[in-house]
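Data first, discussion second: the structure below is written as structure tokens.
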Amino acid sequence: MYRREDLDLLELEANSADHVFSSLAPHYVRDLDRLIAQIAGAMRPGGSLVFSVEHPIYSAPTNQSFVTTDGGDRVWPLDNYLVEGERTRTWFVDGVIKQHRTIATYVNTLVAVGLTVEQLVEWGPTAAAIEARPELAEDLDRPWFLLLRADKPGEG
């Protein structure tokens, strides 16, 4: 079943899902603990949750753009990483509200509801992708996406 709903209000039936997938949405959710608890309760034993978020290294900085150091190096500035909470950004339009969280918060939220983290990927371009599109090389300095997979223990 496919559902499209406000994730801050989502209510799910217990033991109703084998697999849950969400792409680039949880970083908009105000109450991540509630959402993950809803999903974990809906998952059947052996089920999996796979989701992606904007990488916290990307969402943390006050200024989301590369800067040039006095030595001429182009770097991604990182500040406010451990300061979680609301960030107002321009994402196609002005005033988009996102929730910055650390990697630890995402992982610990999953663990707190009894899920087992099976995989964590910090997306970056491959050498082949950079060869085809050299501008992607800057994505080696800061990943855009964090992808997580967590399973509910038990037989599926």
Side-chain angles (χ1 to χ4, degrees), residues 1-13 16-44 47-67 75-130 132-152:
M1 168 179 42
Y2 173 84
R3 290 178 68 169
R4 181 178 173 235
E5 291 191 37
D6 182 337
L7 296 179
D8 280 312
L9 304 174
L10 183 66
E11 297 283 339
L12 297 170
E13 182 181 334
S16 62
D18 292 316
H19 306 287
V20 178
F21 172 78
S22 178
S23 179
L24 298 175
H27 57 266
Y28 293 103
V29 174
R30 288 182 297 279
D31 190 348
L32 184 68
D33 293 337
R34 180 193 177 284
L35 173 64
I36 297 300
Q38 278 290 316
I39 292 170
M43 292 169 60
R44 292 184 186 104
S48 60
L49 164 63
V50 176
F51 69 96
S52 61
V53 293
E54 185 175 72
H55 197 288
I57 286 177
Y58 189 78
S59 65
T62 303
N63 179 14
Q64 289 184 304
S65 62
F66 283 97
V67 297
V75 297
W76 183 257
L78 182 59
D79 64 337
N80 294 309
Y81 181 80
L82 294 175
V83 180
E84 295 189 332
E86 189 174 287
R87 304 288 200 270
T88 302
R89 305 290 193 212
T90 297
W91 182 252
F92 296 104
V93 297
D94 292 338
V96 176
I97 298 172
K98 299 179 182 184
Q99 302 297 321
H100 166 72
R101 297 178 177 95
T102 65
I103 294 171
T105 293
Y106 285 112
V107 171
N108 292 333
T109 301
L110 296 167
V111 170
V113 295
L115 300 179
T116 302
V117 176
E118 295 294 330
Q119 191 169 18
L120 183 150
V121 175
E122 297 177 281
W123 180 89
T126 63
I130 293 170
R133 293 185 49 210
E135 70 274 13
L136 292 177
E138 75 178 18
D139 291 333
L140 296 175
D141 293 326
R142 53 97 181 90
W144 282 77
F145 308 115
L146 176 67
L147 298 87
L148 289 149
R149 175 182 164 202
D151 292 348
K152 187 169 189 172

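In what follows, every heavy atom counts, from backbone to side chain, and hydrogens, waters and symmetry copies are set aside.
The minimum heavy-atom distance linking His55 with Ile57 is given by the pair ND1-N, 2.9 Å. Leu136 and Ala129 make their closest contact through CD1-O, 3.9 Å (heavy atoms, listed as atom of the first residue, atom of the second, distance). Of all the heavy atoms in Ser65 and Pro77, the pair that sits closest is O-CD, 3.1 Å. Residue Glu13 comes nearest to Ser16 through the heavy atom pair O-OG, 2.6 Å, listed as atom of the first residue, atom of the second, then distance. When all heavy atoms of Leu35 and Leu7 are compared, the pair lying nearest together is CD1-O, 3.8 Å. The minimum heavy-atom distance between Pro26 and Arg101, with the atom names listed, is O-NH1, 3.2 Å.
Between atom CZ of residue Phe51 and atom CD1 of residue Ile39 there is a gap of 8.0 Å, rounded to the nearest 0.5 Å. Considering CD1 of Ile103 and CG of Leu146, their distance stands at 5.5 Å, rounded to 0.5 Å. Leu49 contributes atom CG, which lies 8.0 Å from atom OG of Ser22 (distance to the nearest 0.5 angstrom). For the atom pair Leu140 CG and Thr126 OG1, the distance stands at 9.5 Å (nearest 0.5 Å). In this structure, the separation between CG on Leu10 and CZ on Arg34 is 7.0 Å, given to the nearest 0.5 Å. Atom CG of Leu110 is separated from atom CG of Leu32 by 7.5 Å, given to the nearest 0.5 angstrom.
Formation of a donor-acceptor pair under 3.5 Å by the His27 side chain with backbone atoms of Glu54 is found in this model. Side-chain atoms of Asp139 do not come within 3.5 Å of backbone N or O of Gly124 as any donor-acceptor pair. A distance-only check finds no donor-acceptor pair linking the side chain of Asp94 to the backbone of Thr90 [under 3.5 Å].
Side chains of Ser48 and Glu118: no donor on one and acceptor on the other come within 3.5 Å. Judged purely by distance below 3.5 Å, without hydrogens or angles, the side chains of Thr116 and Asp151 never pair a donor atom with an acceptor atom. With 3.5 Å as the limit, one finds a donor-acceptor pair spanning the side chains of Arg89 and Gln64.
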**Request:** For Phe145 and Glu122, run side chain to side chain contact (heavy atoms under 4.5 Å, CB included): C-alpha distance rounded to whole Å, both residues' side-chain angles, the deciding distance at 0.1 Å, then the answer.
**Result:** CA-CA 6 Å; Phe145 308 115; Glu122 297 177 281; over 6 Å; no
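Contact check for Val96 versus Tyr28: side-chain heavy atoms found under the 4.5 Å cut-off. Side-chain contact between Lys152 and Arg44 is absent, with no heavy-atom pair separated by less than 4.5 Å. Contact annotation: the side chain of Asp141 never approaches that of Val75 to less than 4.5 Å [non-hydrogen atoms, C-beta and beyond]. A 4.5 Å side-chain heavy-atom check between Leu82 and Glu84 finds every atom pair outside the cut-off. Within the 4.5 Å cutoff, the side chain of Leu147 has heavy atoms near those of the Trp123 side chain. The shortest side-chain heavy-atom distance between Val117 and Arg149 does not fall under the 4.5 Å cut-off. A 4.5 Å side-chain heavy-atom check between Tyr106 and Ile36 finds every atom pair outside the cut-off. A heavy-atom distance below 4.5 Å is found between the side chains of Asn80 and Arg87.
With respect to Lys98 and Glu86, no salt bridge is recorded, no charged nitrogen being found less than 4.0 Å from a carboxylate O.
Under the 30°/60° scheme for interplanar angles, the aromatic rings of Trp144 and Tyr58 are found to lie parallel.
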